[in-house]
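In what follows, chains are A, B, ... by sequence order, proteins preceding strands, each numbered from 1.
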Amino acid sequence: MSILVNKDTKVIVQGFTGSEGTFHAEQCLAYGTKIVGGVTPNKGGETHLGKPVFNTVKDAVAATGATVSMVFVPPAFVADAVMEAADAGIELAVIITEGAPVRDMQMAKAYATKKNMKTIGPNCPGIITAEECKIGIMPGNIFKKGNVGLISKSGTLTYEGANQVCKEGFGISTAVGIGGDPIIGLSYKQLLPLFEADPETEAIVMIGEIGGDLEIQAAAFIKENITKPVVAFIAGQTAPKGKRMGHAGAIVSGGAGTAKEKMDALEAAGVKVVVSPADIGKAVKEVLSK
Amino acid sequence: MNIHEYQAKQIFAKYGVPTPRGIIANTPEEAVANAKELGGNIWVVKAQIHAGGRGLGGGVKLARSLDEVASLADEILGMTLVTHQTGPEGKLVQKVYIEEGADIKDELYLGVVLDRAKEMPVIMASTEGGMAIEDVAHDTPEKIIKVAVDPAIGFQGFHGRELVFGLGITDKGEQAKLISFASKLFKVYMENDAEMIEINPLIKTGSGDFLALDGKMGFDDSALYRHADIEAMRDISEEDADEREAGEYGLSYVSLDGEIGCMVNGAGLAMGTMDTINYMGGTPANFLDVGGKANAQTVAKGFEIILKNPNVKAIFVNIFGGIVRCDRIANGILEATKMVDVHVPVIVRLDGTNAAEAAEILRNANIANVIAATDLADGAAKAVKAAKGEN
């Protein structure tokens, strides 16, 4: 078991024939992901990486039965691509592209919600169900199959966390990089119940950062609804206020969205909060051996 | 990206958002000429820097004669203005905005920002104009009216009514004026991909008109590619030179006041590295994300920028190689140390794909200053020790 994606998930790639799309689609195929085709306008009918290329998402869905799209199109076209996927009946769009305008994402997400399409990202490493299905840009080799679910705003902290968990002798069920933009798709609050319901997942690692209040919402949700142990790290305890730390959404503005308030809220919800990401693995071991 | 007050007001004017009339000046002579052109007998001389609190810092003054315009412009131009937002080093004033005096009856606050939880813009208004809105939000949150506007439907009449009734405006003429003001301001926000607009204060004049007495705007950097007119308003003298230079090389850099330079791939891990250094008793000198495609050139540039800071006593390179293989990064670090004179200890932690090969490369290179670390905790501990001179 796992959440959202598994070895049978049929995936198409939007922006399939571009350099990023090609490189990462190839890696995903090598990992075993069932990529059934891709979309690049005006290249319909061609074959790329041994898979069919379509002009539109509608054509791709009709021909392949794909339910998930991995989006690699350039920032200016992300909203269009995501709305096209939603319109074509795709169930989940994983948006890897970095630098999509916030206004575009507001519109795209509102439309996706209306069409019942889930989104992950943008500006994220994607989602991986260990040893089954990788939809994104993470290094597949560090994710060993196991019983820990992982949700993270940061790409490299996802790898850091997963690596530590595996080094401690555990493994990952599914890891989701949700992205650090001001507007993102699935967040902790939507993913936590999926892990709670997944029989394979026994503990959850949640990696957050400064800015916004998604972690605070998650804390309230955990308190009421989550029985599995949760380990959390919040990046940016030493970040200065009013400065954007790499991610578009990682900023403490008007004194709100600090690491401290998030850590306090999570702790109060019974979460095992670590001060340094170097302690994620150890903390997972601790909560799982209780 | 942020712009100056006078530039924000130029944008407001284009959309019919009422502001007092004003003209920008670079010299006291221009200031006087502008005052003459504006006419009247009272003017405001306003320092143009990208920071709030200019009035309290002595950067906004009232002139009652042309002579006073000249002397105030002379005083403010070239001054280093320190406000609660500039930091103790302050900001050099290079331009003053000469504005006609306004008849202030009431001071309000009006702003538009993204509400991340609602995922749509929210118009914020308050009767407590002229005060820092953070303070109002903290002390008297009930005095802030928030009206979220779904971009799919745009600014509607009911949004306007919520605003004016929330602010307690009862005069029908004034209601109509303020609703029109807010509606135009929302258009400014949407059409220009603004990240935030703040008017503090928005004034009501004796004749019941509403004017933007101040104007602050920030924009979504990711959308600047479609706003050449706004990009042209960029004032690079207002930006941190090192942060800017780093940006040109695809690096994301923020300087801090500690002693350990950090070079990390990924924003989250970069913050996590700073936090770990702090946790272990050290102090980070910077945030630096070299991005997903670190190579010898970007690493060399990173070293160069980190080492400009004289407080740096050690550098912690913390890379989790994913798609980018660690052995290539190790070679990049070696090349970079040839390109830049790295005179402080460099602690290198490379983990992930091909980490063992990378460790081998670093060991064989045997560079005096380079210390290998096995994981994040080990690297941070070694960096803290090295910064304290305990090798």
- Applying a criterion of heavy atom separation less than 4.5 Å, what residues of residues 178-189 of chain A form contacts with chain B? A/D181, A/P182, A/I183, A/I184

- Would you confirm whether A/T156, through its side chain, and B/N265, through its main-chain N or O, come within 3.5 Å as a donor-acceptor pair? yes

- Checked A/Q106, A/K167, A/K241 vs chain B; the most non-hydrogen pairs under 4.5 Å come from A/Q106

- With a 4.5 angstrom heavy-atom cut-off, which part of B/Y253 approaches chain A: side chain, backbone, both or neither? neither

- Residues in residues 112-122 of chain A near chain B [non-hydrogen atoms, under 4.5 Å]: none

- Carboxylate-amine/guanidinium proximity below 4.0 Å for A/K243 and B/D240: no

- Item | Option in A/D279, A/I142, A/V102 with maximal non-hydrogen atom pairs under 4.5 Å from chain B | A/V102

- Query: Out of A/S152, A/A256, A/A76, which one racks up the most heavy-atom pairs below 4.5 Å with chain B?
  - Reply: A/A76

- Query: Which region of B/S222, side chain (C-beta onward) or backbone (N, CA, C, O), has a non-hydrogen atom less than 4.5 Å from a non-hydrogen atom of chain A, or is it both or neither?
  - Reply: both

- Query: For chain B, which residues of residues 204-213 of chain A have at least one non-hydrogen atom nearer than 4.5 Å to it?
  - Reply: A/E209, A/I210, A/G211, A/G212, A/D213

- Message: Quick check for you: among B/E243, B/H138, B/E195, B/E119, which has the greatest number of heavy-atom pairs under 4.5 Å with chain A?
- Response: B/E119

Side-chain donor-acceptor pairs of residues 274-287 of chain B under 3.5 Å, sequence neighbours excluded:
{"residue": "B/D275", "atom": "OD1", "partner": "A/Q237", "partner atom": "N", "Å": "3.0"}
{"residue": "B/D275", "atom": "OD1", "partner": "A/T238", "partner atom": "N", "Å": "2.9"}
{"residue": "B/D275", "atom": "OD1", "partner": "A/T238", "partner atom": "OG1", "Å": "2.7"}
{"residue": "B/D275", "atom": "OD2", "partner": "A/G236", "partner atom": "N", "Å": "2.8"}
{"residue": "B/D275", "atom": "OD2", "partner": "A/Q237", "partner atom": "N", "Å": "3.2"}
{"residue": "B/T276", "atom": "OG1", "partner": "A/S276", "partner atom": "OG", "Å": "2.9"}
{"residue": "B/T276", "atom": "OG1", "partner": "B/G272", "partner atom": "O", "Å": "2.7"}
{"residue": "B/T283", "atom": "OG1", "partner": "B/E259", "partner atom": "N", "Å": "3.1"}
{"residue": "B/N286", "atom": "OD1", "partner": "B/C262", "partner atom": "N", "Å": "3.1"}
{"residue": "B/N286", "atom": "ND2", "partner": "B/C262", "partner atom": "O", "Å": "2.9"}

- Query: In terms of heavy-atom pairs under 4.5 Å with chain A, which of B/Q85, B/M120, B/M271, B/M190 leads?
  - Reply: B/M271

